[in-house]
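As structure tokens, the structure follows; a few thoughts come after it.
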Amino acid sequence: MTLIAKKLNPEIVIKVQNLRTQFGRTTIHNHLNLKIHRGEILSIVGGSGTGKTVLLRQMLKLEQPKQGSITIFGVDINHATSEQVAFFRSRSGMLFQQGALYSALSVFDNVAQPMRELRILPEALIKDAVYLKLNMAGIGPEHAQKMPSSLSGGMIKRVALARALALEPDVLFLDEPTAGLDPDSSESFVSLIQSLHKELGFTVVMVTHDLDTLFALSSRIAVLADHHVIAIGSVEEVIQYQHPFIKEFFLGARGRRALTVLDKDNYGK
């Protein structure tokens with residue numbers, strides 16, 4: 001298999017250095033290092049307990065590592081002021097695994113919530129922006145007043161994506177974006193992310209275990225094992241690394257099927 005390498009933007013948006021994460025006596029990360037470039041889709045994979053989502057939450061300053069630094073837009077967020085953290089979060093969007101919509105708020109109000117938190121935008125502007133974001137996520141205005149409990153899994157993901165895009169983020173974090181979706185909904189959602197990424201040019205940091213999603217979206221893949229990043233690069237580069245997890249995950253039956261589809265998509269063979 002030969003894949004065309006994608007040229008990386010030299011600008012580093014996120015830099016993780018010597019990260020150590022520990023819960024009690026359990027070490028999750030140790031000497032973890034990672035650089036994420038502007039405009040790429042960096043996917044994080046690893047076995048159960050390797051701290052994929054924990055790492056994502058640390059990048060959002062929702063959790064604190066034991067040691068090490070996470071520099072985003074040139075600022076170490078673990079030593080940032082409250083104003084710097086607020087500014088960083090205004091430039092970031094997060095799509096949680098289950099959508100994490102507010103059950104008591106309508107679709108419209110869920111998407112409006114990040115804008116209203118800023119306390120600087122007039123309601124008329126928020127209204128226009130909400131309908132724009134819903135349209136970008138493939139949701140018509142007729143769904144705006146629905147409650148989350150009446151939405152399908154695919155719709156919940158799209159509303160959550162619209163909310164993540166509410167502040168026009170430079171970095172979009174995705175935690176298992178296609179988890180729980182049927183194959184057709186998953187493929188449609190992946191296509192939506194692809195088109196938005198191409199149109200808006202944001203950086204994406206994604207955690208996923210779904211091989212089809214992984215191969216369809218990733219510019220690079222970072223593999224977590226043994227408490228740190230053991231391999232990073234294109235699909236072709238990563239699968240050359242000799243490690244039991246990589247062999248099982250990428251080169252098992254499911255992985256080989258997904259790689260075959262990827263080859264056909266790239267070269268029509």
Side-chain angles (χ1 to χ4, degrees), residues 6 8-17 19 21 28-29 32-46 50-65 68-78 80 85 87-100 114 157 160-179 189-190 192-211 213-225 228-235 237-238:
K6 299 178 182 179
L8 292 174
N9 188 316
E11 183 180 354
I12 297 171
V13 176
I14 303 175
K15 185 176 183 180
V16 181
Q17 288 183 291
L19 195 74
T21 305
I28 307 299
H29 306 134
L32 188 152
N33 296 284
L34 180 64
K35 295 178 182 178
I36 300 170
H37 300 260
R38 180 174 296 279
E40 74 170 324
I41 300 179
L42 188 284
S43 296
I44 301 171
V45 302
T50 53
K52 304 179 293 295
T53 296
V54 170
L55 180 57
L56 221 61
R57 291 177 61 84
Q58 289 171 340
M59 291 180 186
L60 286 161
K61 202 172 169 59
L62 297 175
E63 294 190 20
Q64 186 86 4
S69 65
I70 301 175
T71 303
I72 303 181
F73 304 126
V75 175
D76 182 352
I77 61 171
N78 293 323
V85 172
F87 176 68
F88 155 68
R89 286 181 175 162
S90 74
R91 298 177 65 184
S92 307
M94 176 68 187
L95 175 61
F96 294 94
Q97 183 171 341
Q98 303 300 328
K157 294 279 189 181
L161 179 60
R163 184 179 64 185
L165 296 173
L167 300 181
E168 301 184 359
D170 294 305
V171 182
L172 181 63
F173 295 91
L174 306 174
D175 187 10
E176 299 286 2
T178 57
F189 197 69
V190 165
L192 174 62
I193 294 171
Q194 283 176 321
S195 62
L196 289 172
H197 177 256
K198 183 176 181 179
E199 178 184 353
L200 302 176
F202 44 63
T203 304
V204 178
V205 184
M206 175 175 69
V207 167
T208 184
H209 72 278
D210 182 76
L211 287 159
T213 300
L214 182 72
F215 294 157
L217 290 176
S218 306
S219 305
R220 291 191 302 155
I221 299 168
V223 182
L224 296 188
H228 63 280
V229 176
I230 61 167
I232 186 168
S234 66
V235 178
E237 291 168 335
V238 165

- Note on the structure: Test side chain to side chain contact (heavy atoms under 4.5 Å, CB included), reference Leu42, set Ile36, Val204, Val13, output is Ile36
- Any idea which heavy atoms bring Ala164 and Pro169 closest together, and the distance? O-CG, 3.5 Å
- Does Gly39 offer a backbone N or O that forms a donor-acceptor pair with the side chain of Thr203 under 3.5 Å? yes
- Message: If I compare all heavy atoms of Leu224 with all of Thr50, which pair ends up nearest, and what's the gap?
- Response: CD1-O, 3.6 Å
- Task: Kindly check if the number of other-residue, nucleotide or ligand heavy atoms within 6.0 Å of CD (Glu168) is above 12?
- Result: no
- Over all heavy atoms of both residues, which pair between Leu60 and Ser92 is shortest? Give the atoms and the distance, please. CD2-CB, 4.4 Å
- Of all heavy-atom pairs between Val229 and Ala222, which one has the smallest distance, and what is that distance? CG1-CB, 4.3 Å
- Query: Can you tell me if Arg91 uses its side chain to pair, donor with acceptor, with the backbone of Phe73 under 3.5 Å?
  - Reply: no
- Query: Is there a donor-acceptor contact under 3.5 Å from the side chain of Lys157 to the main chain of Gln97?
  - Reply: yes
- Item | Side-chain donor or acceptor of Lys52 paired with backbone N/O of Gly46 under 3.5 Å | yes
- Message: Apply side-chain hydrogen bond (donor to acceptor under 3.5 Å, both in side chains) to residues Gln58 and Thr21 and explain how you reach the verdict.
- Response: CA-CA 10 Å; Gln58 289 171 340; Thr21 305; 2.9 Å; yes
- Between Lys35 (side chain) and Lys15 (backbone), is there a donor-acceptor pair under 3.5 Å? no
- Task: Measure from the side-chain N and O atoms of Ser90 to the backbone N and O of Phe87, and report whether any donor-acceptor pair falls under 3.5 Å.
- Result: yes
- Message: Quick one, Ile221 and Val45 - any side-chain contact, counting heavy atoms below 4.5 Å?
- Response: yes
- Message: So, taking the atom named CD1 in Ile72 and the one named CD1 in Ile14, what distance separates them when rounded to the nearest 0.5 Å?
- Response: 4.5 Å
- Query: Using a distance-only test with no angle check, is there a side-chain donor-acceptor pair under 3.5 angstrom linking Glu11 and His37?
  - Reply: no
- Under 3.5 Å, is there a donor-acceptor pair between the side chain of His228 and the main chain of His29? no
- Side-chain donor-acceptor pair present, Thr178, Thr213, cut-off under 3.5 Å: yes
- Task: With side-chain contact (heavy atoms from CB on, under 4.5 Å) as the test, would you mind laying out the steps for Leu34 and Met59 before giving the verdict?
- Result: CA-CA 11 Å; Leu34 180 64; Met59 291 180 186; 4.0 Å; yes
- Regarding Ser69 and Asp76, is there a side-chain donor-to-acceptor distance under 3.5 Å anywhere? no
- Query: Do you know which two heavy atoms are closest between Pro177 and Val207, and how far apart they sit?
  - Reply: CD-O, 3.6 Å
- Query: Judged by atom type as modelled, is there a donor-acceptor pair below 3.5 Å linking the side chain of His197 to the main-chain atoms of Phe202?
  - Reply: yes
- Task: Nearest 0.5 Å please: distance from the CZ atom of Arg89 over to the CG atom of Leu167.
- Result: 12.5 Å
- Taking all heavy atoms of Gly51 and all of Ile28, pick out the closest pair and write down the distance. CA-CG2, 3.5 Å
- Looking only at atom types and distance, does a side-chain atom of Ser218 sit under 3.5 Å from a main-chain N or O of Phe215, one as donor and one as acceptor? no
